[in-house]
Structure formats: C-alpha cells, structure tokens
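For reference, the structure discussed in these notes is given below.
Chain identifiers are assigned alphabetically (A, B, ...) following the order of the sequence lines, protein sequences preceding nucleic acid strands; residue numbering begins at 1 within each chain.
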Amino acid sequence: MRTHYCGELRSSDLGAEVTVCGWVDTRRVHSEHLAFIDLRDHSGIVQCVVDEKLDLRSEYVAMITGTVRTRFEGKSNDKLATGEIEIGDCSVHVLSIAEPPPFPMHERSEVDETIRLRHRYIDLRKPRMQKNLRTRAKVNSSIRNAMERQGFVEIETPMLIASTPEGARDFVVPSRLHPTNFYALPQSPQIFKQLCMVGGIDRYYQIARCLRDEDLRADRQFEFMQLDMEASFVDQDDIITFVSEAIKDSAETVTGIRPGEIPTMTWQEAMERFGSDKPDTRFGMELIELTHLFEHTEAKVFKVNCVKGILYPEGAEILGRNAIDALTEKCQSWGAKGLAWFRVGKNRELDGALTKFMSADEISELATSMEAKEGDMIFVIADQRRVVNHILGLLRLEIARPPVGEGGLNFLWITEFPLFESIADSGMPIPAHHPFTMPHPEDLEKLETAAGEEFLEIRSQAYDLVLNGWELGSGSVRIHNKEIQTQIFEILGINETEANEKFGFLLDAFRYGAPPHAGFAFGIDRLAALLSGEENIREVIAFPKTQSGSDPLTNAPTPLSPTHLEELGLRLSPEAT
RNA sequence: GGUCCCGUGGUGCAGUUUGGAGUGCACGCCGCCCUGUCAAGGCGGAGGUCGCGGGUUCAAAUCCCGUCGGGACCGCCA
C-alpha cells in the first residue's frame, strides 16, 4: 500500500510522489481550504498538507498520497525528524474511522496505568511503547546471535510438566485425560536443560517463558522471559564469559556503547559492604563496620553482636525531624528494633538521642570511623549481623538510590553464594539455590564436618548477575557426582525414597553418564526495562498484568462454566465461591 | 500475611488539613469562523453516582468504619 514510512522522509526525497499509511496524530485545520495533518506510524510523524474539505479526526487510519516538498521559508520544524519537508497535493483515503481515544495520545502527562492496559492496543501506538518493544526485540535478537556464535543450540522444552515440590508456587493445569492429575507450568526449564546435558547437547540455550505464582512487583510478573542456558565440560568462569558476551552484545546494540569487563564480587563482600546480594553500585554510601567501637559500651542498644552505619552526606541539612521519624518507622517495618541517628556538627561533634548514653571516645570514634563532615547524617543499626546488613541495605536504597537511567549500567557478578540460606527448626539446613548446586571446592571438607550454624558458612558455586541493584539472573555449577549429591541430600534430610519421588528422573538420568555441567538464566524483561530506562517491567511487556494478577484488557482471570469444570473433573469448594 | 499511597466530567490535576450549592484549571470532545500551522488560533457548547456501601451531622468530595480497584514496598519469589 505504501511507498515510505512516515518518519523516514527527508529532503533527499524531494519531488517524489509517495504514499504513507498510518494514524492521524494532531491536525491543524485552518479552513476547508487548508489543513495540516500529522500522520503517524511506528517510524514517526510526517506533516501532510490537505486543501480539500475532509472529516479527518484523531486516530483515523488513513492512506495519503502526495508529493514531498520543502516547507515554506522559515516554516521548518526542528522538533520533527521530518521537519524540513511535508507532503503536498495530498489525496487522502480514510481506511478506518476511529472514536476519540480514551486518553491523550501525546506523552506530556502520565495516564493511569489501568486505563492504558484496558486499551493497550492504543497505548502501544505511542512512541514510548514502540521504542521499548523494539528495544526488547533487539535484546532478544542480540542474545540469540551471541549464543549461536558461541556454539549454543536452541532447544524448546515443554510448558506442561510435572509439578516439583521445591521453589516457587506452581501454576497448575488440570488434565482432562487423567482426571485428578495436574500439569504444572514451568518455573524455569531447569531440569530439562540438565537432561539436555546428559543428552549430549553440549551447549543449550532457550529464550524461555517461565511462570511463578508469586506476588507481583515492579520487576516481577507471573510470566517472564529468561535467557536460559547450560553447558557441559565448563566451569563457572566459562559460564560467566558466555553470559557476559550476550549481555554486552545486547547492551551495545541498544546503547551503542559496549560495557567494559563486568566486575566480580563475592556474596560475603556484597552483604558486608552493601547489605544486599544485589548491590546497586551506582552510588557509595557503603555500610561501615562499627562493632568494635562498642565492645565496652554502656549504651544498651549497642550491646549486641553487630553495629554498622551509613553516612548520608549533607543529610543533616536535608532531613528534618519528620523525615527521620519516617525513616525510623520504615526501618522498624523492615524488622529493625530502631534507627540510631546522629547529626554531625562542627569539629565532628554529634547530636542525637543516643549520645547521652555514649562515652566521649565512642562519639568521637564513631564520627571518625564514618569519616563524617559537618552537616552529614549518620545512621546506625545494631542487631544480629544479618539484620543489620539487611536493614542498612534497604535504608541505603531508600535514601540515595538514583533514578533509573542515571548513573550508567553497573553490571556486577556476585559469586560464592552460600550453599544454605538458613537452618530450619528441625535443624536441617535449607538450600539457598537448588539441591543440585555444587559446593565450593574449598568448602567440601566443611560439608562433612559442619554442624548447626556452621552450615551457613559453606559456600557454593552459585553466582548471580546484577544490574543497578536488580537481580538479572542466577546460575550455578551443578552436581554431577553421585557421592556429593548423596551427601547433600543427607544434609538436607532427604532420604533416597524421597529424593527419587522428587527428582527421580533427573537422578535416573545421572546414572547413565552425566557430564560436568553448569548454567545460568537471566530475565529479559528486567534487562530490557533497564536498557529502556524504565523502572517497571510492565513498560517493556506488550500485555502485562496488574499487581493483583489481573488483565484489564481481557478481564483474566475469569470463572469457568460448570460444563467446563465438569469436563475437567473439578468441583469448586463452597468456601472459595 | 503485612505497611504505606492513590481513586473528583473522556484525560491529567486542584479542592479534603479546618464539613457549608458539583466550585476551579489545563487538555480532549461537539458546533461555527479562519489559507502556513506544528501542543495552531478565535467564539460558543455539551459532559459529574466526587470508586462503592454504611455511619456521624441541620449539612459530607471533605470526618469515621467497611469494601472494591490501582500502585510502591516488606514477607514470598529454591
């Protein structure tokens, strides 16, 4: 139908007879003898000059044929890429009329997201969504290229699988042919990709849809896409190299700048310095160790096994009493007992509610340790080390996190995650990743001797990729050795029968010759969002769900008809209805 | 499971603190005028269950309770 896209016409097209198709953006009607119609497609906008009487309204779909010509002297518009030219002598075919859109098409004001989602097909026409979805497509494409180039083979894995007990809550699908039985939708292709390794695929990848029935957030939807990969006869460094290549390629494709070498930090260091396993390293304000200052303190609140602080530069001037109270309440809601704060005055004198319980030495050493300057604010948390790091990590973000799109792209590998995340009441450790994660080689001995809390010190060969404080993805070297696997199951309190019930087919597969293998997966929605300068992954998803998991466009989820339920052998409980 | 914020013509907002007539702004919409605009301009007009329910009050957009929807976060997401 068309000869050109609207946004592509330039002075070099002068004199050409062109046909463009698109939606009527703004129109400036002077009379029945002169009207300016801005026609829009995904490429941009072009001004069409119409000199006949036409009823062309906002969002009408039109095909316009005319001649490209320069605009009148001094009438060019430098805000438009096509601003030098216009299409004159236009003949217009209205292809579809349109009701007025339910929200403004210009992007000068934010529109309520529910309304955008209810009419997503209109929202998608806007430059923002056009740009974001095309950025996302570039990310997908460059990831595919990078993986193919590195010898990875794209394998598709099933969506209807068996539910496994570990991990996130499954979405389930009732089986018509096997009443009383259910499929689960995959939380990830984890087990299948390991089976691919046993199957000699050597290097597997997939841009995979994953589903988890957990509460939604700005960076979490029920369904999301991951670059999922696994490789045989490789170690952690190989995986980091493979994934870094794909990440750098996609960032370069979008931004035009290739990121430098991605730094690595151990989990331990991340927790101590940033209070998070996904530190946002775009800004400092690191956690400072203060425990040793208060070994002999009289101040009750500091008589605990860990005291740390953060320094908010010029915070004393920025934060009033109300703001401090609000931060204190936040910290308490996160699980802190309280928040100690000190305003820094002249000569590093400290002013705060707790100074009267502290010795002069403690006060001056606190100010010195924090490298405080006049006008700064010191925040201190005292508690169990885990709690202190966690709360200060959250507080640091609350106070000083830069907006998305500022501070560059700080990719970061976090390595040496602990093998176990906590100890259950039963005394059994709970795995931090999954039970096939290979322990750190230096900690294999500890695995045999550890008891109680000591288990938490055992490191694993699990690693995360972080970008600007978002967890992009995680992976690990897997256990392929039967002895170690048995040992892990023993520690976790999973006996052979139970192990076979839960992961039988994987363990079966491993009996027939499993290569050493390792893998990774990272979230494409999150990567695409951050590369698009969006702080919400819904902005890079064509048809996302709301925080409560509903879709204002299709009204999903909806009830099933009684017939439908009956066919599936399902009956709704009275409490649920 | 929990904390916090928002809900006012089609859209975005002000009004809520301190109760007093659906009061206001911008955009959009409809009609008329207008031959160089580009967020066109001028004149006129239509459009409201102040999310919903209950309570307090002579009187509720405003105060109280509940509820629904949306958003941010904690928990959760091996």
Side-chain angles (χ1 to χ4, degrees), chain A residues 25-39 45-53 55 57-59 69 71-80 82-83 86 88 99-119 122 164-170 187-188 190-191 210-222 224 326 329-336 390-391 393-394 397-398 401 417-422 429-437 460 462 471 474 476 492 502-503 523 535-536 538 545-550 552:
Chain A
D25 201 74
T26 52
R27 72 219 131 89
R28 297 168 292 283
V29 181
H30 285 254
S31 72
E32 58 186 70
H33 305 294
L34 178 66
F36 298 94
I37 307 297
D38 286 343
L39 199 68
I45 281 171
V46 67
Q47 172 167 291
C48 306
V49 186
V50 176
D51 62 1
E52 56 183 319
K53 187 173 184 184
D55 193 22
R57 302 188 183 215
S58 188
E59 297 307 306
R69 65 191 192 195
R71 296 194 176 188
F72 286 19
E73 187 69 27
K75 299 292 186 184
S76 64
N77 180 352
D78 56 14
K79 285 185 231 162
L80 284 182
T82 58
E86 64 190 14
E99 291 178 19
F103 46 79
M105 294 303 289
H106 63 72
E107 296 186 301
R108 295 190 297 280
S109 56
E110 289 270 316
V111 178
D112 182 83
E113 205 181 339
T114 319
I115 297 165
R116 290 176 59 203
L117 293 183
R118 183 167 300 136
H119 304 277
I122 306 172
T164 51
E166 313 276 314
R169 196 176 294 114
D170 284 323
Q187 298 170 25
S188 78
Q190 181 63 38
I191 291 187
C210 306
L211 299 107
R212 295 176 190 174
D213 188 3
E214 298 290 347
D215 289 359
L216 289 71
R217 292 283 168 77
D219 61 352
R220 277 160 35 185
Q221 286 270 304
F222 283 153
F224 57 99
E329 281 175 31
K330 274 233 160 86
C331 288
Q332 286 168 338
S333 78
W334 293 329
H390 181 227
I391 305 294
L394 291 172
L397 294 175
E398 178 72 24
R401 183 170 205 172
F417 269 68
L419 191 60
F420 306 106
E421 68 163 24
S422 59
I430 297 167
H433 199 53
H434 58 62
F436 313 111
T437 306
S460 71
E471 180 193 321
S474 60
S476 63
L492 296 176
K502 289 180 172 175
F503 320 106
E535 53 197 7
N536 194 308
R538 293 189 297 269
K545 299 204 171 28
T546 67
Q547 196 166 61
S548 68
S550 59

Practice prompt. May I ask you to say what A/Asp112 touches in the nucleic acid, namely base, sugar-phosphate or nothing, with a heavy-atom cut-off under 4.0 Å?
Written response: sugar-phosphate
Worksheet, complete the sentence: Taken to the nearest whole Å, CZ/A/Arg118 to C1'/B/G10 is 13 Å
Worksheet entry | Inter-nucleotide C1' distance (B/G70, B/A59), Å rounded | 32 Å
Practice prompt. Any strand is fair game: report the nucleotide pairing with B/U67 by Watson-Crick or G-U wobble, both distances under 3.5 Å, or none.
Written response: B/G51
Discussion item. Between A/Gly549 and A/Val49, which residue's closest nucleotide on RNA chain B lies nearer the 5′ terminus?
Written reply: A/Val49
Discussion item. Strictly below 4.0 Å: does A/Ser76 bring a side-chain N or O up to OP1 or OP2 of B/C38?
Written reply: no
Worksheet item: Are A/Asp55 and A/Arg57 within salt-bridge range, i.e. N to O under 4.0 Å?
Response: yes
Worksheet item: Do A/Glu86 and A/Lys75 come within less than 4.5 Å of each other through their side chains, counting heavy atoms only?
Response: no
Worksheet item: Looking only at N and O atoms, is any donor in the side chain of A/Arg220 or the base of B/C76 less than 3.5 Å from an acceptor on the other one?
Response: yes
Worksheet item: What's the spacing between A/Arg27 CZ and A/Leu39 CG if we round to 0.5 Å?
Response: 13.0 Å
Worksheet item: Under 4.0 Å between a side-chain N/O of A/Lys75 and OP1 or OP2 of B/C38, yes or no?
Response: no
Worksheet entry | Whole-Å P distance, B/A60 and B/U3 | 31 Å
Discussion item. Students often get this wrong, so: under 4.0 angstrom with heavy atoms, is A/Arg27 touching a base, only sugar-phosphate, or nothing?
Written reply: sugar-phosphate
Fill in: Base paired to B/G12 (Watson-Crick or G-U; both N/O distances under 3.5 angstrom)
B/C25
Fill in: Between CZ on residue A/Arg116 and CZ on residue A/Phe103, distance to nearest 0.5 Å
7.5 Å
Item to complete: Quickly work out the A/Ile45 CD1 to B/C38 P distance and round it to whole Å.
Response: 15 Å
Worksheet item: Does a distance-only test, which skips hydrogens and angles, find a donor-acceptor pair under 3.5 Å between the side chain of A/Glu86 and the base of B/G36?
Response: yes
Discussion item. Within the 4.0 Å heavy-atom criterion, would you say A/His390 contacts the bases, only the backbone, or no part of the nucleic acid?
Written reply: sugar-phosphate
Worksheet item: Is the count of non-hydrogen atoms from other residues, nucleotides or ligands lying under 6.0 Å from A/Glu110 atom CD greater than 12?
Response: no
Discussion item. Measure CZ/A/Arg57 against C1'/B/C30 and give the value in whole Å, please.
Written reply: 8 Å
Worksheet item: Can you find a donor-acceptor N/O pair under 3.5 angstrom joining the side chain of A/Arg28 to the base of B/C34?
Response: no
Item to complete: Identify whether any heavy atom of A/His33 sits under 4.0 Å from a base atom; if not, whether one sits that close to sugar-phosphate; answer base, sugar-phosphate or nothing.
Response: base
Discussion item. Looking at A/Glu32 and B/U35, is any side-chain donor or acceptor paired with a base atom of the opposite kind under 3.5 Å?
Written reply: no
Discussion item. Once you apply a heavy-atom cut-off of 4.0 Å, does A/Lys79 come out as touching a base, just sugar-phosphate, or nothing?
Written reply: sugar-phosphate
Item to complete: Please state the C1' separation for the pair B/U17 and B/C63 - nearest whole angstrom.
Response: 11 Å
Item to complete: Pick base, sugar-phosphate or nothing for A/Arg401, based on heavy-atom distances below 4.0 Å to the nucleic acid.
Response: nothing
Practice prompt. Measure the spacing between CD of A/Gln221 and SG of A/Cys210 and express it to the nearest 0.5 Å.
Written response: 13.5 Å
Discussion item. Between A/Ser58 and B/G28, is there a contact of a side-chain N or O with OP1 or OP2 at under 4.0 Å?
Written reply: no
Practice prompt. Nearest 0.5 Å please: distance from the CD atom of A/Gln187 over to the OG1 atom of A/Thr164.
Written response: 6.0 Å
Worksheet item: Side chain of A/Arg538: nearest nucleotide among B/A72, B/C30, B/C76?
Response: B/A72
Discussion item. Does a side-chain N or O of A/Thr114 approach OP1 or OP2 of B/G69 to a distance below 4.0 Å, or not?
Written reply: no
Discussion item. Can you tell me if A/Ser333 touches the phosphate of B/C73, counting only side-chain N or O atoms and a distance under 4.0 Å to OP1 or OP2?
Written reply: no
Worksheet item: Taking any strand in view, what nucleotide pairs with B/A59 in a Watson-Crick or G-U wobble way, both distances under 3.5 Å?
Response: none
Worksheet entry | A/Asp38 side-chain proximity, nearest of B/C77, B/G71, B/C38 | B/C38
Worksheet item: Counting any heavy atom closer than 4.0 Å, what does A/Asn536 reach on the DNA or RNA strands: base, sugar-phosphate only, or nothing?
Response: sugar-phosphate
Worksheet item: Is the closest basic N to carboxylate O distance between A/Arg220 and A/Glu214 below 4.0 Å?
Response: no
Worksheet item: B/G75 base to A/Arg217 side chain: any donor-acceptor pair below 3.5 Å?
Response: yes
Discussion item. Using the P atom as the point on both nucleotides, what is the distance between B/G12 and B/U57, in whole Å?
Written reply: 36 Å
Worksheet item: Given the P atoms of B/U67 and B/C30, what is the spacing between them in whole Å?
Response: 42 Å
Practice prompt. Check if the side chain of A/Asp215 and the base of B/G75 share a donor-acceptor pair of N or O atoms closer than 3.5 Å.
Written response: yes
Worksheet item: Between B/C74, B/C77, B/G36, which nucleotide gets closest to the side-chain atoms of A/Gln47?
Response: B/G36
Fill in: A/Glu52 CD to A/His33 NE2 distance, which is reported to the nearest 0.5 Å
12.0 Å
Worksheet item: If only side-chain N and O atoms of A/Ser31 are considered, is one of them under 4.0 Å from the OP1 or OP2 phosphate oxygen of B/U35?
Response: yes
Discussion item. Tell me whether the ring of A/His30 lies stacked over the B/A40 base, given a 5.5 Å limit on centroids and a 30° limit on the plane angle.
Written reply: yes
Worksheet item: What does A/Ile115 touch in the nucleic acid at a heavy-atom separation under 4.0 angstrom: a base, only the sugar-phosphate, or nothing?
Response: sugar-phosphate
Worksheet item: If we take the P atom in both B/U18 and B/C74, what is their distance in whole Å?
Response: 33 Å
Item to complete: For A/Arg116 and B/G69, give me the distance from atom CZ to atom C1', rounded to whole Å.
Response: 17 Å
Discussion item. Nearest whole Å is fine: how far is B/C73 P from A/Asp219 CG?
Written reply: 7 Å
Discussion item. Tell me the interatomic distance from A/Ile122, atom CD1, to B/G10, atom P, rounded to whole angstroms.
Written reply: 15 Å
Discussion item. By a 5.5 angstrom centroid cut-off and a 30 degree plane limit, is there stacking between A/Phe103 and B/U11?
Written reply: no
Practice prompt. Would you mind telling me which residue lines up with the more 5' stretch of RNA chain B, A/Gln547 or A/Thr26, judged by nearest nucleotide?
Written response: A/Thr26
Item to complete: Determine which nucleotide pairs with B/U3, using a 3.5 Å limit on both distances of a Watson-Crick or G-U wobble pair.
Response: B/A72
Item to complete: Select base, sugar-phosphate, or nothing to describe what A/Glu110 touches, counting heavy atoms under 4.0 Å on all strands.
Response: sugar-phosphate
Item to complete: State the pairing partner of B/G19; accept Watson-Crick or G-U wobble contacts with both distances under 3.5 Å, and report none otherwise.
Response: none
Response to the item:
Under a 3.5 Å limit on both distances, the Watson-Crick or wobble mate of B/G36 is none
Worksheet, complete the sentence: Here the gap from A/His434 atom NE2 to A/Ser474 atom OG, rounded to the nearest 0.5 Å, amounts to 8.0 Å
Worksheet item: When rounded to the nearest Å, what value does the distance between C1' atoms of B/G10 and B/C50 take?
Response: 16 Å
Fill in: Who pairs with B/G31 - Watson-Crick or G-U, where each distance is under 3.5 Å
B/C43
Worksheet entry | B/A14 versus B/G9 - spacing of their C1' atoms, nearest Å | 15 Å
Discussion item. Just to be sure I understand the rule, does A/Thr437 reach a base, reach only the sugar-phosphate, or reach nothing, if contact means heavy atoms closer than 4.0 Å?
Written reply: nothing
